[in-house]
Enquirer: 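I am attaching a structure below and will ask some questions about it afterwards.
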Amino acid sequence: MGQRFTLLLIFLGVQVGAGAFKICAFNIRSFGRAKAANRRVMGALVQILSRCDISAIQEVRDSRGAAIQTLLRELNRYDPSHHYSRLESKRLGRGSYKEQNIFVYRMDVVSVTDWCQFGDEDARNYKAFARGPFAARFHSPYTAILDFVLLLHHTSPREAAQELELLFGVCTELMQRWKTENVMLLGDLNAAGAYIPASAWAGIRLRNHLAFHWLIGDGEDTTVSHRTCCAYDRIIVHGEELLGAIVPRSAKPFNFTQALGLSEEEALAISDHYPVEVNLRLAPKAQREL
Ligand SMILES: *[C@@H]1O[C@H](CO)[C@@H](O)[C@H](O)[C@H]1NC(C)=O
């Protein structure tokens, strides 16, 4: 009964307590040093992110990278049962306004085996993206599917329809490059409301191709404000194996206003978006070992 056995029991206890492997996408509106210095905001963020095995974060805005470092430190302090690490995109954007997309993940549960940044210097039409999509390959021995790809993107609102169409090509390229069918596209795609005119939907292959499953439906509300009701943030899954590993009906926005008992104003100080999340089933082995 060595230390490793004890650690295994602690680990499995946490996993089975959670019941599943949770992935979220969260646009933390303009996450930079001001937010990182706000204790109430940071307190809420660690509560939200510590529920997830992988968090796909958007709108990280801090040229020196201090804000995300603070977030990781606070997260690891808040939840010492896991070790949280991160994988950062480039600083993305055409002008002086830059954003990063960042995967925050539990490195004791899941590992990154490869990653890929689209845009900028590649010769293809990916230059048409205001911010290049960012993809990573993950491997976990604890999930019902061992290997899967997450494609994280934050569309430019005014070009959302065009970018959604381009993402079809990005998905196809990723599947060829990494020889897999199992790709989950997630993030603030601005895929709702006035950003996608009704007439544009018909031309978006990602939407009409039967192999892509939109787990966050048009009727969901991923916005915090009471005045808006839009499904901007989405989770779209390709690959029967990945689809089969998903816990049915687990995909939904996480209403942290309600969960943390906040006022609308307090919630808006955290973000104007709710995270969207989905659960993967655990591997039979991970369950049986208890
Ligand atoms: C989130 O919860 C708050 C508080 O219960 C509620 O007023 C609001 O309508 C909910 N928002 C959504 C999008 O479900």
Side-chain angles (χ1 to χ4, degrees), residues 18-31 34-35 38-60 71 74-75 78-79 99 101 104 150 152-158 160-161 163-164 184-198 200-201 204 206-207 212-237 246-280:
F21 181 99
K22 194 181 282 296
I23 299 171
C24 85
F26 188 12
N27 178 340
I28 314 180
R29 183 191 215 165
S30 199
F31 180 72
K35 277 192 175 169
N38 183 324
R39 291 187 56 185
R40 292 182 78 171
V41 168
M42 289 299 270
L45 286 177
V46 297
Q47 285 186 66
I48 295 165
L49 299 176
S50 64
R51 301 167 56 258
C52 301
D53 294 276
I54 304 176
S55 300
I57 295 173
Q58 302 122 75
E59 275 201 36
V60 175
L71 182 61
E74 296 289 319
L75 193 53
Y78 178 80
D79 177 16
E99 286 181 13
N101 294 326
V104 170
L150 299 186
L152 168 55
H153 188 56
H154 181 201
T155 64
S156 166
R158 267 162 300 152
E163 290 196 4
L164 273 178
M184 181 186 293
L185 165 60
L186 71 178
D188 175 8
L189 301 179
N190 287 299
Y195 298 133
I196 314 281
W201 282 115
I204 297 174
L206 208 56
R207 174 67 168 217
F212 290 90
H213 303 267
W214 290 52
L215 302 189
I216 303 290
D218 295 348
E220 298 286 351
D221 182 7
T222 70
T223 66
V224 172
S225 168
H226 292 154
R227 283 175 288 121
T228 50
C229 180
C230 289
Y232 292 136
D233 305 81
R234 302 285 192 149
I235 297 174
I236 303 165
V237 169
I246 284 168
V247 176
R249 289 176 300 280
S250 64
K252 55 182 184 309
F254 175 62
N255 185 336
F256 56 75
T257 310
Q258 187 173 42
L260 305 181
L262 304 175
S263 67
E264 185 187 16
E265 191 186 352
E266 288 166 333
L268 283 168
I270 297 163
S271 181
D272 53 345
H273 289 255
Y274 288 131
V276 286
E277 58 185 36
V278 67
N279 292 342
L280 297 185

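Reckoned from all heavy atoms, side chains included, excluding hydrogens, waters and symmetry mates. Throughout, numbering of the chain's residues begins at 1 and tracks the sequence. All ligand and atom numbering here is 1-based and tracks the order in the structure. These figures come from a predicted structure and were not determined experimentally.
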Enquirer: Can D233 and T222 be said to form a side-chain hydrogen bond (donor to acceptor under 3.5 Å, both in side chains), step by step?
Expert: CA-CA 6 Å; D233 305 81; T222 70; 2.6 Å; yes
Enquirer: Take atom CZ of R29 as the centre, draw a 6.0 Å sphere, and report whether it contains more than 12 heavy atoms from other residues, nucleotides or ligands.
Expert: no
Enquirer: Atoms of ligand 1 less than 4.0 Å from H226 heavy atoms?
Expert: 7 (O)
Enquirer: Among protein heavy atoms, which lies nearest atom 11 (N) of ligand 1, and at what distance?
Expert: N255 ND2, 3.0 Å
Enquirer: Within ligand 1, which atoms have a heavy atom of Q258 less than 4.0 Å away?
Expert: 2 (O), 5 (O)
Enquirer: Closer than 4.0 Å to some heavy atom of D221 - which atoms of ligand 1 meet that?
Expert: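 Those qualifying, in numeric order: 13 (C).
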Enquirer: Under 4.0 Å from any heavy atom of Y274, which atoms of ligand 1 are there?
Expert: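 So the atoms of ligand 1 that pass are 1 (C), 13 (C).
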Enquirer: Keeping K35 on the side-chain end and I270 on the backbone end, is there a donor-acceptor pair under 3.5 Å?
Expert: yes
Enquirer: Please tell me whether S50 and D79 have a donor and an acceptor in their side chains that are separated by less than 3.5 angstrom.
Expert: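 There is no such pair (donor and acceptor under 3.5 Å, judged by atom type) between the side chains of S50 and D79.
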Enquirer: Does E220 come within less than 4.0 Å of ligand 1, judged by its heavy atoms?
Expert: no
Enquirer: What about the rings of Y195 and Y232, do their centers lie closer together than 6.0 Å?
Expert: yes
